[in-house]
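Since the structure comes first, as structure tokens, the remarks are kept for the end.
Residue numbers start at 1 and run along the sequence shown. Heavy atoms only: backbone and side chains are in, while hydrogens, waters and symmetry mates are out. Predicted model, so just to flag it, every value in this text is computed and none were measured.
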Amino acid sequence: MTLRLFVWIPIILSSFVVATSTHSDAREPVRIWVDQSGLHAIEASLMKIADEVAFLRRPDGSKVKIAVSQLSQADQDYVSSWSDRSSFSENHLRWTPPVLPKLSPQPLLDLPPATSLLDDGAALQAVSGSLPAVKSTLPSICLPDPQPFSYDLAFGKQTIGDIESYDSVSRPLIIATPEQTFLATSITSGLNSTQSSTSNRIVCYEPATGKATTILQSKVPVTILDHHQPSGRTLVLYGHRVMGHGGQLAIARGWEEDSLSVKYFRSLPMISSPQTNVATQAKQVHWARWVDDEHVVAAIDSEIAVWNLFSGECVHRVCSNPSACEPAISAGRRYIAVPRPGSVALYDTQNGTALGTIPIEPGHRAYVSFSPRGDSLAIATTSRLRVWELSSASLRGEAKSRRSLGKGAPIWIDTDLVLSSTGVLLSVYRGVAVWRYELSGSTINSFGFSSKHPGVGLVTRRPHGQIAFVEVPHETVRNALPWVDDRLASHVDSVWDIPGKSVLGEYGWADRDLQFTQFEQASR
């Protein structure tokens, strides 16, 4: 299944439509083509360019044509790059990735500050206000929203004690103080019977020194949700039950003194049931992130809304949460992506305005993450990854995998490589999986693109609990890419094999099942 047509370009209707068989030999990706006005779009793949006219093929096999001059600038650039490719690049998304422009971060979001302070332990204000109208059309062009801060971590890993299979582990976050830059994660006991003064803990790890420290121990469960770098405030869920229900949102501070304290406790708000319309105390925080140094956006029970954590005010509703899905927020905090059955909806964080909807396979559930560049959104289902480009309002590319991509947000490595929650490394431009990392039982996070040390932070349970910042892709994968390109150039998709896999060993990645060691790169 591919993205479905939302709006038809009227100028094509008068141009040319020819019915063909549904079988297609086209090797170009199916993508969204947008006209100059930006109001009309069509789903199709590019067949050829002749006399400044683009010949397109729709998923149903019918053909259309449109003058290149009537296409959006992004599509005209795509046509131009297509014309420059060699015959090798007839395959699906298998040309050299384009050189993307550098992007400057926009000013940080700064919503109106609190004028009063909520009593400690009091509940956040009930969700109020009407829901914004759902915008079912494709999103229009959005300004890129790049990551405002850059980090540089050394590679390394450290044992942090046993982590049981029933324990809950937060995604590792990067914390930067004037003295050090380190990873932090929370480990919460998954059994009521094991609650003690040390059963729940927050651990810090500084790869540069190899030092791992337990900075907080608690009988009460505490889970790290997000960190706001300029203010040094960390958003946590405190006192929740084993399965994640209940608890209070709070702020942790004190990383620079290695003495973490939790304060500003806020109980969950009242939420009305869609069935009964009776307001009751909310039961669960599914997801929460900072917007600025006072405001958070959170998915609580069936609502996603923005609150001021200090005054408790509900600033605005964003949308109703159709399921216990995990939304994503862009690096600069301007956009929110909310997965729904068969689609992903985009919203403006600052005012909750609906920006549009990106369709996926009907009935499927998606997992989403924004690129640290702030110009793209990765949308993963169990076997397919799509990348929606915000800055051109089009599908940049897609990759497929025969191995499950899991049930978790995809992790951006660079503008081409994306890692699934199950460790499948996909190349967006090649359109295939290029490696597999054995990450069973691991919690993963990325912190933006780094030319010095591209990698991911992870917490793994086996054989002993470890926290690490590891290189991805590592040298073996980089050496395997020519083998991948050669097989793609030879049209051997039907017998495609991943060139190898890696497991995290004592000294780093240990490679297994290598298939490219005898490969000599063919000349083209």
Side-chain angles (χ1 to χ4, degrees), residues 147-163 167-188 198 200-218 221-238 250-263 288-290 293 331 369 372 409 411-413 419 439 441-461 464-472 474 504 506-509:
Q147 182 169 283
F149 308 103
S150 60
Y151 306 101
D152 192 19
L153 285 175
F155 295 128
K157 63 187 182 68
Q158 185 61 260
T159 300
I160 55 175
D162 289 340
I163 303 174
D167 289 343
S168 176
V169 179
S170 70
R171 64 194 182 105
L173 296 179
I174 193 165
I175 312 288
T177 69
E179 289 76 28
Q180 57 183 342
T181 301
F182 53 87
L183 300 180
T185 189
S186 57
I187 302 167
T188 305
T198 61
N200 307 289
R201 62 194 190 274
I202 294 178
V203 178
C204 298
Y205 169 58
E206 186 182 14
T209 62
K211 179 182 177 183
T213 305
T214 299
I215 195 172
L216 183 145
Q217 290 182 312
S218 172
V222 55
T223 298
I224 295 176
L225 299 174
D226 197 20
H227 181 72
H228 187 259
Q229 185 58 47
S231 66
R233 296 169 179 165
T234 303
L235 181 65
V236 300
L237 183 63
Y238 188 86
I251 295 175
R253 295 197 65 174
W255 299 102
E256 60 277 0
E257 292 93 11
D258 288 341
S259 179
L260 206 62
S261 62
V262 183
K263 55 183 63 177
R289 298 290 184 267
W290 285 110
D293 60 350
S369 65
I411 304 296
W412 287 87
I413 304 302
L419 185 69
L439 296 175
S442 299
T443 305
I444 325 165
N445 198 16
S446 64
F447 314 110
F449 307 151
S450 169
S451 57
K452 291 184 178 179
H453 300 113
V456 299
L458 60 85
V459 181
T460 184
R461 304 169 191 265
H464 304 289
Q466 291 182 327
I467 187 170
F469 182 70
V470 292
E471 184 179 20
V472 175
H474 66 299
L504 192 59
E506 183 178 358
Y507 302 104
W509 293 117

Which residues pass the side-chain contact (heavy atoms from CB on, under 4.5 Å) test with [X], not counting sequence neighbours?
{"X": "Phe149", "answer": "Leu108, Tyr151, Gln229, Pro230"}
{"X": "Pro172", "answer": "Thr443, Asn445, Val459"}
{"X": "Gln180", "answer": "Thr177, Phe182, Glu206, Asp258"}
{"X": "Lys211", "answer": "Thr209, Thr213"}

Inter-residue atom distance [X].[atom1] - [Y].[atom2], 0.5 Å rounding:
{"X": "Ile444", "Y": "Arg171", "atom1": "CD1", "atom2": "CZ", "value": "12.5 Å"}
{"X": "Leu458", "Y": "Ile411", "atom1": "CG", "atom2": "CD1", "value": "10.5 Å"}
{"X": "Ser259", "Y": "Leu216", "atom1": "OG", "atom2": "CG", "value": "9.0 Å"}
{"X": "Ile163", "Y": "Thr460", "atom1": "CD1", "atom2": "OG1", "value": "7.5 Å"}
{"X": "Ile413", "Y": "Leu419", "atom1": "CD1", "atom2": "CG", "value": "5.0 Å"}
{"X": "Ile160", "Y": "His464", "atom1": "CD1", "atom2": "NE2", "value": "12.5 Å"}

Exercise: identify the closest heavy-atom pair between [X] and [Y]:
{"X": "Pro207", "Y": "Gly156", "answer": "CB-N, 4.4 Å"}
{"X": "Leu153", "Y": "Leu183", "answer": "CD1-CD2, 3.6 Å"}
{"X": "Ala409", "Y": "Ser369", "answer": "CB-CB, 4.4 Å"}

Problem - Listed partners of Arg201 passing salt bridge (charged side-chain N to carboxylate O under 4.0 Å, His left out), at least two apart - result: none
Fill in the blank from the handout: Sorted by chain and residue number, the salt bridge (charged side-chain N to carboxylate O under 4.0 Å, His left out) partners of Glu256 (sequence neighbours excluded) come out as none
Do the side chain of [X] and the main chain of [Y] share a donor and acceptor less than 3.5 angstrom apart?
{"X": "Asp167", "Y": "Ile187", "answer": "no"}
{"X": "Lys157", "Y": "Tyr507", "answer": "no"}
{"X": "Trp412", "Y": "Pro372", "answer": "no"}

Handout entry: Partner set under ring-ring contact (aromatic ring centres under 6.0 Å, His included) for Phe469, not counting sequence neighbours
Key = Phe155
Practice task
Go through the structure and list residues passing side chain to side chain donor-acceptor pair (under 3.5 Å) with Ser170, not counting sequence neighbours.
Solution key: Thr185, Ser186
List the atom pairs, donor and acceptor, that lie under 3.5 Å between side-chain atoms in residues 231-238 and the rest of the protein, sequence neighbours left out.
from   : atom 1 : to     : atom 2 : distance (Å)
Ser231 : OG     : His228 : ND1    : 2.8
Ser231 : OG     : Arg233 : N      : 3.3
Arg233 : NH1    : Asp293 : O      : 2.6
Thr234 : OG1    : His227 : ND1    : 2.8
Thr234 : OG1    : Trp255 : NE1    : 2.8

